[in-house]
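One structure is given here, and the rest of the page talks about it.
Starting from 1, each residue takes its place in the sequence as its number. As the structure lists them, so they are numbered: ligands from 1, and atoms in each ligand from 1. This structure is a prediction, so every number in the text was calculated from the model and none was measured.
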Amino acid sequence: MPKTEHSQWYVEEFAPTEFHHHAIDEMYYTGRTPFQSVAVLRTPVFGKMLVLDGDTQSSQADERIYHETLVHPALAAITDRREILILGGGEGATLREVLRHPGVARCTMVDIDGEVVELSKRYLAEWSAGAFDDARANVIIGDALAYLKDDRGTYGAVISDLTEPLADSPSFPLFNGDVFRDIKARLVPDGVYVLQASTAGFHNMALHAKMARSLRAHFRHVASFYTHVPAFDNDWAFLACSDSHDLATLDPARIDGYVSQLHGENYFYDAQTHRRLFSLPLYLRRELAREGDVFA
Ligand code: SAM
């Protein structure tokens, strides 16, 4: 019987009949918070990983692919970057990317789970890279739903870095018409609402399409974009919603001009990458064009 040096494995479901086995080199933390189960572990290929409710949230090896894609197309498009709002974003990497632009005066991040934020500070410091200590960071531990109901601020961009809106997820109540209206009301006139919008994988793109259909009832432009995120073992999708900007047609010179203003170097995103992100395959365009259910 061939020997294997790994006795512990993190197994993530790709589909009910497909699983991805990650050998565990080190388990830093595993437990339950009032909102979700949390695991922080290290694997040989992806390095450290954050897992919530059995779903990989991000990995050391490729988190910049996800976080640069979520943040920079939207911030490149808008003109007023002074105030930015992040819904979720526990690890602090979305906050990190937003604060790389000198035009941001304050970035408010609202995450429901203080334990996830503290565990990320303790075990995943590379993700936030000092962003939590930045004077422009306004970190609030609380339900984003309640925050949106009470808040009267306006933002150049609202960035949704929440867990997937699955029925048992604490993020589910944030995906409906009332919340989309609340978010739109918080945007400045040329503002952008951008969200991680589930998978664009050929085998399970229905949730992404449902999100796009739902948001078309609220915004003039709803642009779908996606990229492969190796740690998710899947094509991951995003949506950019605005009445002013169609991010699919953003001027490349504007993008590269914006990227040149950021502190530090990008790993993944620039004008050429942008073109690829918004070039959707036929099967996905067909799925997005289909009639179907919505988040009412
Ligand atoms: N990259 C991840 C993904 O693709 O699914 C998302 C990462 S981030 C860790 C997700 C965060 O959403 C978690 O920290 C979780 O606590 C937060 N969250 C879930 N529901 C929330 C709610 N109702 N209000 C605020 N934050 C919430």
Considering residues at least two apart in sequence or located in another chain, which fulfil the salt bridge (Lys or Arg N to Asp or Glu O under 4.0 Å) criterion with Asp233? none
Ignoring hydrogens, just give me the one of [options] whose non-hydrogen atom is nearest [atom].
atom: atom 25 (C) of ligand 1; options: Asp53, Ile112, Asp55; value: Ile112
atom: atom 20 (N) of ligand 1; options: Gly88, Ala146, Ser171; value: Ser171
atom: atom 13 (C) of ligand 1; options: Val116, Asp111, Leu87; value: Asp111
atom: atom 1 (N) of ligand 1; options: Gln57, Gln196, Glu115; value: Gln57

Is NZ or CZ of Lys184 both nearer than 6.0 Å to the six-membered ring centre of Phe219 and within 45° of the ring axis?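 Positive - Lys184 is close enough to the ring of Phe219 and near enough to its axis.
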Test the Lys210-Phe295 pair against the cation-pi criterion, namely NZ or CZ under 6.0 angstrom from the six-membered ring centroid and within 45° of the ring axis.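 Judged by the rule, Lys210 and Phe295 form a cation-pi pair.
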Do ligand 1 and Leu50 have nitrogen or oxygen atoms that lie under 3.5 Å from each other? no
N/O of Tyr66 under 3.5 Å from N/O of ligand 1, yes or no? yes
Do the ring planes of His218 and Phe180 sit parallel (below 30°), tilted (30 to 60°) or perpendicular (above 60°)?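 Because their plane-to-plane angle is over 60°, the rings of His218 and Phe180 count as perpendicular.
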When the ring planes of Phe232 and Trp236 are compared, do they come out parallel, tilted or perpendicular, using 30° and 60° as the limits?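 Geometry flag for Trp236 against Phe232: perpendicular rings.
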Residue pair [X] / [Y], side-chain donor-acceptor N/O under 3.5 Å:
X: His72; Y: Glu68; answer: no
X: Thr69; Y: Thr227; answer: no
X: Trp127; Y: Ser120; answer: no

May I ask you to identify, for Leu145, whether its side chain, its backbone, both or neither come under 4.0 Å of ligand 1 on a heavy-atom basis? neither
Going by the 4.0 angstrom heavy-atom rule, the piece of Val110 near ligand 1 is backbone
Would you please determine whether [X] falls within less than 4.0 Å of ligand 1 on a heavy-atom basis?
X: Phe35; answer: no
X: Thr163; answer: yes
X: Gly142; answer: yes
X: Thr94; answer: no

Show the numbers, then the answer: is there a side-chain contact (heavy atoms from CB on, under 4.5 Å) between Val116 and Thr163? CA-CA 12 Å; Val116 167; Thr163 41; over 6 Å; no
Looking at [X], which atoms of ligand 1 are within less than 4.0 Å of one of its heavy atoms?
X: Glu91; answer: 7 (C), 8 (S), 9 (C)
X: Gly90; answer: 8 (S), 14 (O)
X: Leu52; answer: 9 (C), 13 (C)
X: Leu174; answer: 22 (C), 23 (N)
X: Asp143; answer: 22 (C), 23 (N), 24 (N)

Protein contact of atom 24 (N) of ligand 1 - nearest heavy atom, named by residue and atom, plus distance: Ala144 N, 3.0 Å
Please list the nearest protein heavy atom to atom 10 (C) of ligand 1 with its residue and the distance rounded to 0.1 Å.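 So the nearest neighbour among protein heavy atoms is Asp161 O, 3.3 Å.
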Could you tell me if the side chain of Phe268 sits less than 4.5 Å from the side chain of Asp62, heavy atoms only? no
Arg96 bridged to Asp134 by N-O distance under 4.0 Å: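 No.
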Would you please name every residue forming a side-chain contact (heavy atoms from CB on, under 4.5 Å) with Ala200, sequence neighbours left out?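 So Ala200 forms a side-chain contact (heavy atoms from CB on, under 4.5 Å) with Tyr226, Asp235, Ala237, Leu284.
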